[in-house]
Amino acid sequence: MVTSAYDLDLPTIDPTSELDRVARTEHYRELVAEGHWLVRTIIGFAVISYDDVAGILRDKRWHNAIAKLPEMMGITDPEITENRRPSIITTEGDEHTRLRRLVAQSFSPRAADRLRPAMRHVVNSLIDPVVEAGRADIVADICEPYPIPIICELLGAPKEDWRDFSRWAEAVLAIFNGTVNDELDRIKQANSELTAYTERMIAERRDDPRDDLLSSLIAAEEEGDRLSTPELVSMVNAVIVAGTDTTRNQLSTAVAVFADHPDQWALLAEQPELAPQAVEEVMRYLGAVRGVGRFASEDIVYRDVLFPKDTFVFPSLAAANVDDSVTEGDPFTFDIRREPIKGRMQMTFGSGIHYCLGASLARAELQEALVLLAQRMQNLRVDGEITWKPPTTAIFGADHLPVTFTPGHRSRPGSDLERDLAAGSFAPGG
Ligand code: HEM
């Protein structure tokens, strides 16, 4: 028998409650053990079991709620609400499939691997100034500045423009701040500067293709179909919006988890080949994206529950990640030697058609950064208090992560490219 979700007798969870993130996910796990997969929240429903999080994210009738974000935040300015270009993040159905097909190749694991020497160089150049002192704020010194130079390198933006890029990215990301309505002028200004800059870069690359993401997106073709200039601009915007704060926050949560597990930090330094597993495990154990938003594009019946059109649900990636079916043994134990169970990958990159397009790049960024940090910051200890973002923020991580450590050796440059980069002036922000 089909029952409306609104008529079900469901446990209610309050995302603003004082429960810390471990207590919160333990609570989800208890609820799943009691047979619940759906709970009520202040603005809709949350989905908390692995199979149902995957089930809803793979069901195309549920659409990405990011498209409704400006509206949900009370933004009425037509320049923001009406003139938005179709983006891979906010489109669905055939339109999304077409965009995704055209860009997939440019975000392959091989494309990400080519940036590994640049990643190592950026991380080393961020560690260098703090290493002798044996203390650092991991967020301010490493996580914050790390992603922008990588995205600039990915796109092929010249080094002298990185500061502008950083400023634009910060303003574009401000759309997610609670104070967005006070910042609209700054956001619009940054958007139009970034658009003009990207259009210029696209025109240059059309005449003179190079070995970078923009050239590869321009060349991408499927059955005679290509991305238009507005679609290319929108892709660059999507990469900045989706690839900056996610990576820096995931790196901060990862280092905080390792600081709590010194044996695992030492193990990673000694056995850098564990880096791929370490990244999967740390993203499972404490993911920076706790959940994603979906709304029903039509009346949907799922597991005999009717979700009327426009119902909002929050598939909790954090809850899915501690589902008993995802690990052999206790999901609350952190162990980088864990082999992921086939078909039950950690969920922090999402699932279904909107699965993170930058997953290979993010994995490579985290693997390279964590190994170098583990090797060059040995005996890592938290020195003071970690300040966390509120658990309800869309992208969760630390605001401050003060640490002390014993300086370790800098690994030798590993390739010709890295040596070239080291010899040149490839320093973030400089
Ligand atoms: C650790 C870092 C990252 C995490 C945790 C992360 C997480 C996610 C998640 C959960 C989604 C799905 C959102 C949804 O279903 O509503 C997503 C989508 C996306 N991500 Fe990432 N991401 C990361 C890094 C990156 C990077 C580095 C890039 C770009 C180079 C990127 C580009 C994208 C794009 C373009 C989408 C939208 C894909 C689509 O809608 O088809 N992400 N990401």
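Computed from a predicted model, the values in this text were never measured in an experiment. One-based numbering, in listed order, for ligands and for the atoms of each.
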**Asked** If you measure from each heavy atom of I353 to ligand 1, is any distance below 4.0 Å?
**Response**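 A heavy atom of I353 does come that close to ligand 1.
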**Message:** Tell me whether ligand 1 is touched by M347 - counting only heavy atoms on the residue side and a distance under 4.0 Å.
**Reply:**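 M347: no contact with ligand 1 (<4.0 Å).
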**Asked** Nearest protein heavy-atom contact for atom 37 (C) of ligand 1: which residue, which atom, what distance?
**Response**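 Going by distance alone, atom 37 (C) of ligand 1 is nearest to I89 CG1, 3.7 Å.
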**Asked** Looking only at atom types and distance, does a side-chain atom of R294 sit under 3.5 Å from a main-chain N or O of V313, one as donor and one as acceptor?
**Response**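 Absent.
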Determine, for [X] against [Y], whether the closest basic-nitrogen to carboxylate-oxygen distance falls under 4.0 angstrom.
{"X": "D225", "Y": "R101", "answer": "no"}
{"X": "E281", "Y": "R284", "answer": "yes"}
{"X": "D212", "Y": "R210", "answer": "no"}

**Message:** Are F45 and Y6, when compared by the centres of their aromatic rings, separated by less than 6.0 Å?
**Reply:**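 Yes: the rings meet the under 6.0 Å criterion.
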**Item:** Aromatic ring proximity W62/Y302, centre distance under 6.0 Å
**Value:**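 Judged by ring-centre distance (under 6.0 Å), W62 and Y302 do not meet the cut-off.
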Within-cut-off N or O pair, [X] and ligand 1, under 3.5 Å:
{"X": "E365", "result": "no"}
{"X": "I88", "result": "yes"}
{"X": "H96", "result": "yes"}

**Request:** Pick one of side chain, backbone, both or neither for how N64 approaches ligand 1, counting any non-hydrogen atom pair under 4.0 Å.
**Result:**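 The part of N64 near ligand 1 is the side chain, not the backbone.
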**Message:** Heavy-atom distances under 4.0 Å decide this one: backbone, side chain, both or neither, for V292 against ligand 1?
**Reply:**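 Looking at V292 and ligand 1, just side chain atoms fall under 4.0 Å.
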**Request:** Measure the CG-CD distance between L99 and E95 for me, rounded to the nearest 0.5 Å.
**Result:**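 Reported value, rounded in 0.5 Å steps: 6.5 Å.
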**Message:** Regarding atom 16 (O) of ligand 1: of the candidates H354, R294, R363, R290, which has the closest heavy atom?
**Reply:**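 Going through H354, R294, R363, R290 one by one, R294 has the nearest heavy atom to atom 16 (O) of ligand 1.
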**Asked** Taking only residues at least two apart or on different chains, which pairs with a member in residues 392-403 satisfy salt bridge (Lys or Arg N to Asp or Glu O under 4.0 Å)?
**Response**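 Qualifying pairs, neighbours excluded: K389-D399.
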**Message:** Check for me: within less than 2.8 Å of atom 21 (Fe) of ligand 1, which protein N/O/S atoms show up?
**Reply:**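 Correct list: C356 SG.
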Counting each atom of ligand 1 from 1 as listed, which ones have a heavy atom of [X] under 4.0 Å away?
{"X": "R100", "answer": "38 (C), 39 (C), 41 (O)"}
{"X": "T348", "answer": "5 (C), 7 (C), 10 (C)"}
{"X": "Q250", "answer": "1 (C)"}
{"X": "L361", "answer": "27 (C), 30 (C)"}

